[in-house]
Amino acid sequence: MRTSCYPLATLKETPADAEIVSHQLMMRAGLIRKLGSGLYTWMPTGLRVLNKVARIVREEMNKAGAIEILMPSVQPAELWQESNRWDEYGPHLLKMKDRHERDFCYGPTHEEVVTDLMRRELHSYKQLPLNVYQVQTKFRDEVRPRFGVMRAREFLMKDAYSFDLDEIGMQKAYDKMFQAYTNIFTRLGLKFRPVLADTGSIGGSYSHEFQVLADSGEDLIAYSDDSDYTANIELAEAQVPQGRRPTPGKVKELVDTPTQTSIADVAAFLKVEPKQCLKTLIVVGVGKECPLIALVLRGDHELNTVKAEKLPGVAIPLQLADAETIKRHIGCEPGFIGPLNLDGRGIPVIADRDAAHMADFVCGANENGKHLRHVNWQRDCAEPTRVADIRNVVVGDISPDGQGHLQLTRGIEVGHIFQLGDKYSKAMNATVLGESGQPVTLQMGCYGIGVSRIVGAAIEQNHDEYGIIWPDAMAPFDVALVPINLHRSDLVKKATEELYAELTAMGLDVLYDDRQERPGVMFADMELIGIPHRIVIGERSLAEGKFEYKNRHTGETKNVTKSEIKDLLQQ
RNA sequence: CGGAGUGUAGCUCAGUCUGGUAGAGCACUGCCUUCGGGAGGCAGGGGUCGAAGGUUCGAAUCCUUUCACUCCGACCA
């Protein structure tokens with residue numbers, strides 16, 4: 001490709017609304033342009049990268065035995081009503097009506113469509129196992145799109161769906177996909193980890209996320225420093241504290257805390273550690289019998305909303321009660337709540353394992369401006385209605401597998417695989433006849449990869465002050481040719497044209513910068529775009545029959561012959 | 001959805017408080033010089049100041065409404 005006939009679309013300045021480095025560089029390198037919130041056009045260079053990622057994904061999916069199909073992006077409401085997700089999926093679902101006032105949605109995922117397809121197509125166990133996939137545009141109406149293509153509303157996704165007769169088959173299909181995903185992210189040249197994950201609104205029983213490690217990632221990952229254990233913090237289990245609960249010491253005491261409403265303030269005021277305080281959160285419950293539920297944590301711990309939403313009786317999505325409701329039921333402001341006598345007021349107390357293990361703690365007195373200290377479960381306050389793991393793990397916690405301690409790191413979720421079981425096949429009555437002649441409900445798995453998100457994630461992991469540094473596998477071009485004084489030197493022109501023709505004939509993607517630009521401009525653009533190999537063609541080195549090679553990744557420069565160039569590029 | 005903010009040239013932004021001929025840098029076009037790391041000079045082109053309504057002799061500027069975008073929070077594959 002010659003730059004004189006190609007819209008490079010590079011920018012010298014960073015657009016004001018690009019916050020993280022990958023978004024800034026994708027704009028500056030001319031990969032994307034924004035159309036609206038969460039909507040991006042892929043420019044020629046960006047599309048090249050996207051297609052390279054998609055190609056690797058397809059190759060590995062095919063190798064794992066999956067078959068490519070393409071389903072509609074617009075889906076009839078009836079299917080979503082069958083699975084109950086028309087309402088459950090919530091406002092993320094972009095709904096629309098056609099001219100006949102029939103309801104449709106733009107697909108955020110395709111479990112319903114593929115299940116419907118397969119209940120029509122599959123009749124016999126002999127047709128199993130089957131795994132179909134597609135690479136397609138999805139739309140999720142995110143509350144807050146951000147970070148460019150990283151959390152866009154419209155995005156490109158590879159989604160695969162496996163169908164098996166039983167759980168053993170489903171497990172095998174899952175394992176195959178786990179391996180395929182590992183191959184894909186390895187080939188793409190990304191630093192990643194598979195992590196145990198929550199299943200979220202897709203549902204199902206068991207799942208892994210594939211996380212690209214990056215400090216700008218939105219997800220927190222917990223991993224053991226002494227074993228293979230790795231899990232999303234949403235799921236990572238906090239262990240039961242060791243030993244017996246300490247025996248109560250001093251007598252309970254009411255203390256004035258006129259303006260101290262946060263754990264930090266109360267702890268500082270009473271000269272105790274936050275871990276000696278008890279934090280009481282009031283959340284909305286389902287049903288009339290218990291409209292409110294108290295969640296109790298150690299002062300230095302954070303509530304894990306995913307875990308909390310799994311508690312029976314807790315409303316989904318998790319919702320903190322407003323100040324007025326709290327005042328009406330408990331009689332104080334949110335900053336002074338404690339677990340005492342809540343059960344008696346019809347508010348069950350669910351304590352975190354660590355909170356339930358505390359003794360002589362500080363907590364709110366359910367009275368404005370007052371806290372209690374030296375409070376003890378049982379002696380001063382009814383034992384919690386229920387004890388559960390409802391907190392986020394913290395650095396240093398014992399690993400759930402018993403080996404080592406947990407550390408935390410950040411990641412970008414680029415893949416997610418689920419064992420769905422019969423969640424959709426049962427709701428939508430997708431069965432085949434088994435060997436015995438009886439209908440068997442299909443066991444499903446689903447497997448997603450955020451193709452467009454991978455592009456952003458790769459840049460987060462691979463860039464420097466000059467621009468993007470693509471892993472070879474997804475670079476838009478393999479090599480950039482930068483001629484010096486192309487338009488004045490016949491020698492340079494001839495050498496560059498020949499080299500361009502020969503490298504192109506080798507099947508390489510070559511970007512030939514034949515613009516009438518100064519060298520500095522061309523160097524800067526090629527580095528910004530992140531092309532792995534750069535060859536400068538100038539009279540200076542041509543005099544010795546050499547070209548100047550520079551590696552974008554290592555920064556290494558050397559003068560080389562044409563055949564050495566070919567060797568370098570063929571690796 | 002709650003809170004905050006921004007909309008002026010392709011991009012980054014000044015001008016708005018205090019109403020009076022729409023600006024700068026970069027980008028773009030032409031010419032000249034320069035020619036191995038985002039050059040310099042000269043001359044140009046480019047605007048319904050987000051939109052609608054109002055106040056006023058006069059509105060980018062004041063008022064009302066509205067739309068879009070961004071950030072923080074909540075939420076979330």
Side-chain angles (χ1 to χ4, degrees), chain A residues 7-20 23-24 27-28 30 33-39 85 88-93 107-111 138-148 150-153 155 157 159 197-204 207-211 218-219 232 234 283-284 303 305-306 308-309 315-320 322 411-418 446-450 452-453 465-467 482-489 492 513 515-528 534 536-542 548 550 557:
Chain A
L8 272 182
T10 52
L11 303 174
K12 214 189 265 192
E13 285 181 275
T14 302
D17 59 2
E19 219 193 333
I20 58 170
H23 187 193
Q24 293 170 352
M27 292 292 295
R28 287 226 293 135
R33 288 291 184 262
K34 184 167 79 173
L35 176 64
S37 180
L39 303 172
R85 286 207 295 180
E88 277 178 9
Y89 204 89
H92 278 72
L93 194 60
T109 177
H110 279 69
E111 282 81 12
K138 304 269 197 262
F139 191 98
R140 293 181 190 173
D141 200 357
E142 295 286 347
V143 185
R144 184 135 99 85
R146 57 183 137 175
F147 304 148
M150 213 83 98
R151 185 170 288 280
R153 293 196 290 176
F155 58 99
M157 183 172 177
D159 47 326
D198 180 60
T199 53
S201 65
I202 302 283
S207 109
H208 283 89
E209 290 166 346
F210 285 76
Q211 295 271 358
E218 293 184 271
D219 289 346
N232 192 307
E234 293 176 345
V283 300
V284 176
L303 179 68
T305 52
V306 170
E309 285 178 353
I316 299 175
L318 188 77
Q319 213 182 323
L320 288 171
D322 58 55
I412 301 165
E413 182 190 350
V414 290
H416 202 158
I417 60 179
F418 304 78
C446 89
Y447 317 93
I449 287 184
S452 45
R453 179 180 279 186
E465 58 188 301
Y466 302 107
V482 181
I484 305 294
N485 281 329
L486 176 71
H487 301 275
R488 272 189 219 162
S489 164
V492 169
D513 201 343
R515 292 175 295 174
Q516 284 204 47
E517 283 289 357
R518 304 163 66 81
V521 173
M522 296 193 278
F523 294 155
D525 269 346
M526 296 305 114
E527 275 158 12
L528 176 59
R534 183 187 79 189
V536 175
I537 302 97
E539 290 195 327
R540 203 189 281 173
S541 49
L542 281 179
E548 295 160 47
K550 182 169 187 182
T557 48

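Convention: sequence-line order gives letters A, B, ...; per-chain numbering from 1. Values in this document were obtained by computation on a predicted structure and should not be read as measured data. Side-chain atoms are counted along with the backbone in the values below, which use heavy atoms only and exclude waters and symmetry mates.
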### Query
The side chain of A:E13 lies closest to which of these nucleotides: B:C69, B:G36, B:C11?
B:C11

### Query
Has the side chain of A:E517 got a donor or acceptor that lies under 3.5 Å from a partner of the other kind on the base of B:G38?
no

### Query
Donor-acceptor pair under 3.5 Å: do we get one between A:D525's side chain and the base of B:G38?
yes

### Task
Return no unless some side-chain N or O of A:K12 is found under 4.0 Å from OP1 or OP2 of B:A27.
yes

### Query
At under 4.0 Å between heavy atoms, what does A:K550 touch on the DNA or RNA strands: base, sugar-phosphate, or nothing?
base

### Summary
Of B:U70, B:G36, B:C75, the nucleotide closest to the side chain of A:V143 is B:C75

### Message
Need one value for A:R534: base, sugar-phosphate or nothing, where a base atom within 4.0 Å counts as base even if backbone is also close, heavy atoms only.
### Response
base

### Query
B:C72, B:G37, B:A74: which one has an atom nearest the side-chain heavy atoms of A:E19?
B:C72

### Query
CZ of A:R144 versus P of B:G2: gap in Å, rounded?
15 Å

### Message
By nearest atom, which of the nucleotides B:G38, B:C69, B:G36 is closest to the A:V521 side chain?
### Response
B:G38

### Message
Using only modelled atom types and a 3.5 angstrom limit, is any donor from either the side chain of A:R146 or the base of B:C71 paired with an acceptor on the other?
### Response
no

### Task
Looking at every strand, decide which applies to A:P91 at a 4.0 Å heavy-atom threshold: base, sugar-phosphate, or nothing.
nothing

### Task
Provide the Watson-Crick or G-U wobble partner of B:G58, both distances under 3.5 Å; none if there is no partner.
none

### Query
In terms of ring plane angle, is the pair A:H416 and A:F418 parallel, tilted or perpendicular, where the classes change at 30° and 60°?
parallel

### Query
Expressed in angstrom and rounded to an integer, what is the separation of A:Q24 atom CD from B:U70 atom C1'?
14 Å

#### Entry: Short side-chain N/O contact to B:C11 OP1/OP2 from A:T14, under 4.0 Å
no

### Message
Check A:E527 with A:R534, please: is the shortest side-chain N to carboxylate O separation under 4.0 Å?
### Response
yes

### G-U wobble or Watson-Crick pairing nucleotide for B:G44 (cut-off 3.5 Å, both distances)
B:C28

### Message
Measuring from the side chain of A:R518 (C-beta onward, heavy atoms only), which nucleotide among B:G38, B:G36, B:U34 has the closest atom?
### Response
B:U34

### salt bridge (Lys or Arg N to Asp or Glu O under 4.0 Å) between A:E19 and A:R146, intermediate numbers included
CA-CA 8 Å; A:E19 219 193 333; A:R146 57 183 137 175; over 6 Å; no

### Rounded distance (Å) that lies between atom C1' of B:C69 and atom CZ of A:F147
16 Å

